Amino acid sequence: MVHEADKKSLDACLQASPRPALNVITHDHTTNTRGVPPNFPPPPDYIPQLQSSSRHARPRTGHKGNTFEESTWAPRPSPEDVFDRLEEFFPEHDLDKPVIDANSGGTSPTTDHPYGISHDERERLTGVRGKKSIRIVAEEHKRRIDRTSKVESTYSSNMMRKRSTKLWGGRLEEVTTSQKKPTHAKPLPESPSGGPRPIFKWVRGELIGKGSYGRVYLALNATTGEMIAVKQVEMPTTPSDKNDSRQANFVQALKMESETLKDLDHPHIVAYLGFEETPNFLSIFLEYVPGGSIGSCLRDHGKFDEYVTKSFTAQILDGLAYLHSKNIIHRACPDNILVEKTGICKISDFGISKRTDDDQGAFTAMQGTVFWMAPEVIGSQKGKGYNSKVDIWSVGCVVLEMWAGRRPWPDEDFFTVMFKVSHHGESPPIPSDVVLSDLARDFKDRCFTVDPELRANAAELIKHPYLILPEGWTFNDFK
Ligand SMILES: Nc1ncnc2c1ncn2[C@@H]1O[C@H](COP(=O)(O)OP(=O)(O)OP(=O)(O)O)[C@@H](O)[C@H]1O
């Protein structure tokens, strides 16, 4: 790929001003030296079985087309599409059953007549006073977002930040319209003012993804009508579950993810909305990001247009700079960066793969992510001996993947990559069909500097001239 625009902007930059200094002063001293790490595994006699539940661990083809597992999940449609096809995404529910308090939500139930039948009329017919159905709540919200988007399209670009309603400070209650009885969350203490806590009702919809420890469902905030995502793990209930350390680790991982996310607030980090614990499930509620991940978009569309690549890279670096300022390492990989249909990237997944103390779990998680890993991570012992610079190497790998349309090291297996990266400090090769401009090459080299002390940090890299976009450029599609 020849980046002609880069050439021009390099010339312009060299003439107009000196290139921004990217000399790095680091304060981290914990990186270990390269060489064969003490925990480096022996050459394989066999390739271990990958956990089928882990998206990271499933075989990646690196080209278009979804795996079977992915194709069995619901897609990530826009909220507007979900509102139009509620039955498809909430198939287990009676959408017309009045189950939600009518005085919740934003619009008056008596003034909205989504199906040519007033709410008062519906109450008269159903005999249930003061309750709304899921469909009515969703319809009310859809009309609100239709009105808002009309105003937005008049005044602004599609890069405006939308915020989902936070669910904390209240009692969460899952709405079930099926036969099964709802399980109630642990009662929360009274509100600080002593009054009763507001109740947030929510409805679980279709499975949209599985991580190495949790399942992610589309859900509806039944109080406001907003689409949200809920990530759940099952609580151990039977004695054998309780003795199963893996299950305990999953619960722990989701609690840690919740702890990490709850204090974060950034346009390029998926927003955390709340947390619920019932006897059966632990759930965290997240802003719903329609569209899929960078990984799934690459599998669907092939390599990205150069400006899309630059825009996504700048957004990822912006999110990472924020995380690093809070001492959080993410270990970016394309499946953990969600993309809204408007081209806004959101870093997600703050879970087990970064924190596990379960060696087997860590090893399995590593198998999937090793292609994006910095040398010092591969050689480390349980997360020790490296710092936020590992994310910069991973960004280099994600950028390379956007250039090439294939994962880094497409022709190599896990163990070979481990050896090449950790032992020789090799960075992923640039495929022959990818031709880089000088600026792109410089950007890549700064990501793939082997010594983390000398590797650029996120705040510096975001100023790199490679990332400059033409004035007025906006995201329309991946090509
Ligand atoms: N807030 C969200 N909105 C929409 N889809 C999401 C959201 N969060 C996660 N997903 C999707 O659900 C799937 C599982 O995500 P999850 O974060 O559990 O794990 P993961 O990214 O697959 O990785 P890991 O194995 O490290 O947990 C992913 O495919 C992701 O695209």
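Note that ligands are numbered from 1 as they come in the structure, with each ligand's atoms numbered from 1 the same way. Since the structure is predicted, the reported quantities are computational estimates derived from the model, not experimental observations. Throughout, residue positions are numbered sequentially from 1 according to the sequence presented.
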Mind checking whether [X] has an N or O less than 3.5 Å away from an N or O of ligand 1?
| X | result |
| --- | --- |
| Ser348 | no |
| Glu287 | yes |
| Val270 | no |
| Asp349 | yes |
| Tyr288 | no |

For [X], counting its heavy atoms only, list the atoms of ligand 1 lying under 4.0 Å from any of them.
| X | answer |
| --- | --- |
| Gly209 | 12 (O), 13 (C), 14 (C) |
| Lys231 | 16 (P), 17 (O), 18 (O) |
| Asn336 | 20 (P), 21 (O), 23 (O) |
| Lys210 | 13 (C), 14 (C), 22 (O) |
| Ala229 | 1 (N), 2 (C), 3 (N) |

On a heavy-atom basis, I'd like to know which of Val233, Val216, Leu254 is closest to atom 9 (C) of ligand 1.
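It is Val216 whose heavy atom sits nearest to atom 9 (C) of ligand 1.
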
So which of Ile208, Leu338, Val289, Leu286 gets nearest to atom 7 (C) of ligand 1, if we judge by its closest heavy atom?
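Among Ile208, Leu338, Val289, Leu286, the closest heavy atom to atom 7 (C) of ligand 1 belongs to Leu338.
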
Under a 4.0 Å heavy-atom limit, does Arg215 contact ligand 1 with its side chain, its backbone, both, or neither?
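Neither part.
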
Measure from the side-chain N and O atoms of Arg406 to the backbone N and O of Leu400, and report whether any donor-acceptor pair falls under 3.5 Å.
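No.
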
Are Ile344 and Lys346 packed together at the side-chain level, in the sense that at least one heavy-atom pair is separated by less than 4.5 angstrom?
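They are in side-chain contact.
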
Look at the rings of His266 and His268 and say which category their plane angle falls in: under 30° parallel, 30 to 60° tilted, over 60° perpendicular.
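Correct class here is tilted.
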
Within 45° cone of Phe90 ring axis and under 6.0 Å: Arg204 NZ or CZ:
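Relative to the ring axis of Phe90, which defines the angle, Arg204 lies outside at least one limit.
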
Atom pair CG (Leu261) and CE (Met256), whose distance is rounded to the nearest 0.5 Å:
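These two atoms lie 12.0 Å from each other.
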
Side chains of Asn457 and His324 only: does a donor on one sit below 3.5 Å from an acceptor on the other?
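Per modelled atom types, Asn457 and His324 side chains form no pair under 3.5 Å.
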
So, Asp391 versus Ser388: side-chain donor-acceptor pair below 3.5 Å or not?
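The criterion, which ignores hydrogens and geometry beyond distance, is not satisfied for Ser388 and Asp391.
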
Evaluate the side chain to side chain donor-acceptor pair (under 3.5 Å) criterion for residues Tyr386 and Arg331: first the C-alpha distance (whole Å), next the side-chain angles of each, then the deciding distance (0.1 Å), finally the verdict.
CA-CA 11 Å; Tyr386 59 80; Arg331 291 214 216 136; 2.7 Å; yes

One pair to check against side chain to side chain donor-acceptor pair (under 3.5 Å): Trp372 and Glu401. What are the steps and the verdict?
CA-CA 10 Å; Trp372 295 269; Glu401 192 160 341; 2.9 Å; yes

